[in-house]
A.B. asks: 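Just passing along the structure, written as structure tokens.
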Amino acid sequence: MNDLKKRSLIDVDAPNASTGIINGRSSNILNWDDVRFPWAYPKYKRMLANFWTPFEINMSKDIKQFPAMSEREKDAFLKIIGLLALLDSIQTDYAGRVADYLTDSSLNALMIILAQQEVVHNHSYSYVLSSIVPKAKQEEVFDYWRTEPILRERNDFITNGYKGFAENPNVENLLYSIVYDVILEGLFFYSGFAFFYNLARNQKMVGTSTMINYINRDEQLHVGLFEKIFKEILKENPEYDTPDLKEFGTATFSKAAELEIDWARHIIGHEIDGLLIPELEAYIKFMANKRAEQLGFQAPFDGYRTNPLRWIIAYQEVDLGKTDFFEQKSRQYTKTSDANGFDEL
Ligand code: ZN
Ligand code: ZN
């Protein structure tokens with residue numbers, strides 16, 4: 001019952017719209033007018049509309065500013081890039097593995113676009129590093145996941161969560177791995193994002209933060225896609241929607257927030273450029289609550305219902321298109337209101 005069947009390359013007797021999100025049958029022909037889930041095509045359009053490449057980003061100011069930053073800022077900057085590079089690398093591979101077991105050609109298509117975006121994210125880290133540090137340093141940064149113990153602990157948490165599914169792909173392990181996915185794409189990037197947005201708020205490294213904003217925008221769509229997949233699997237296979245799964249979900253988000261907070265303390269100390277650790281901790285707990293609830297779990301932390309980093313909203317808005325909004329310096333607080341998707345962030 002717990003088995004997962006791979007999607008057939010072609011099935012002449014099956015319909016184009018699949019008979020189930022997992023363990024279903026589908027011809028594997030992709031006709032967007034004849035797919036199982038009505039949300040798939042709008043999601044496809046939004047993912048395509050996000051298209052960007054690192055080459056669009058002008059790094060000339062960042063190149064001048066990086067050497068002038070403090071040692072602490074530089075260290076935090078590079079360690080966060082090192083962390084993101086590991087997470088985006090394994091994410092590219094994970095997306096492909098999940099796609100193999102989604103018995104629906106349109107969801108496979110969405111996972112391929114998702115994986116392509118992860119490749120671009122990885123490229124962007126090389127692009128930033130090659131602009132600001134020599135080659136030997138770039139290589140060191142791409143090795144931080146191995147050489148920095150705190151980074152390793154945090155990343156092992158995710159990679160072990162993915163390994164369960166990669167080594168033993170069954171329905172339960174797929175569901176568990178999606179919890180880790182939402183932690184990776186929807187929580188573990190967020191103190192890093194806050195660090196870069198805070199630099200931009202101080203008019204530092206604005207090119208890098210623009211790139212981070214594009215990545216953030218992609219990740220929000222990715223979290224939304226995995227949320228849909230998770231919920232559809234449970235809807236079609238309600239026997240897996242168990243108290244154990246719910247307990248696992250809440251406990252895992254709680255543990256993830258703890259690791260994220262340890263990491264933030266390590267990287268930022270008590271304060272960096274006006275970004276205070278108590279505020280960042282509250283932000284991480286707020287995000288953990290929000291993500292847990294998105295998957296239908298109980299929020300792990302009492303309280304933490306509103307975003308304590310109100311200024312960050314302006315930097316995280318997802319539908320700005322490609323306007324170079326970071327150049328508009330006085331907008332930090334002006335666009336923060338409940339009407340502009342505040343609760344979404
Ligand atoms: Zn990514
Ligand atoms: Zn992603």
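Just so you know, these numbers use all the heavy atoms, side chains as well, and skip hydrogens, waters and symmetry mates. Just so you know, ligand 1 is whichever comes first in the structure, and atom 1 is the first atom listed for that ligand.
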A.B. asks: Tell me how many protein N, O or S atoms are within a distance shorter than 2.8 Å of the Zn ion (ligand 1).
C.D. replies: 4
A.B. asks: Is it the case that K246 places NZ or CZ above or below the six-membered ring of F297, under 6.0 angstrom from the centre and within 45 degrees of the axis?
C.D. replies: no
A.B. asks: So, does D218 use its side chain to make a donor-acceptor pair with the main chain of H121 at under 3.5 Å?
C.D. replies: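 Not at all, since once roles are kept as given, no pair shorter than 3.5 Å links the two residues.
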A.B. asks: Kindly write out the residues that satisfy salt bridge (charged side-chain N to carboxylate O under 4.0 Å, His left out) with E247, not counting sequence neighbours, or none if the list is empty.
C.D. replies: none
A.B. asks: For E167, give me all partners under salt bridge (charged side-chain N to carboxylate O under 4.0 Å, His left out), at least two apart in sequence or on another chain.
C.D. replies: none
A.B. asks: If you draw the axis of the six-membered ring of F196, does the NZ or CZ of R201 fall within 45° of it and under 6.0 Å from the ring centre?
C.D. replies: no
A.B. asks: Check side chain to side chain contact (heavy atoms under 4.5 Å, CB included) between D34 and all other residues, then give those that pass, not counting sequence neighbours.
C.D. replies: N16, A17, N31
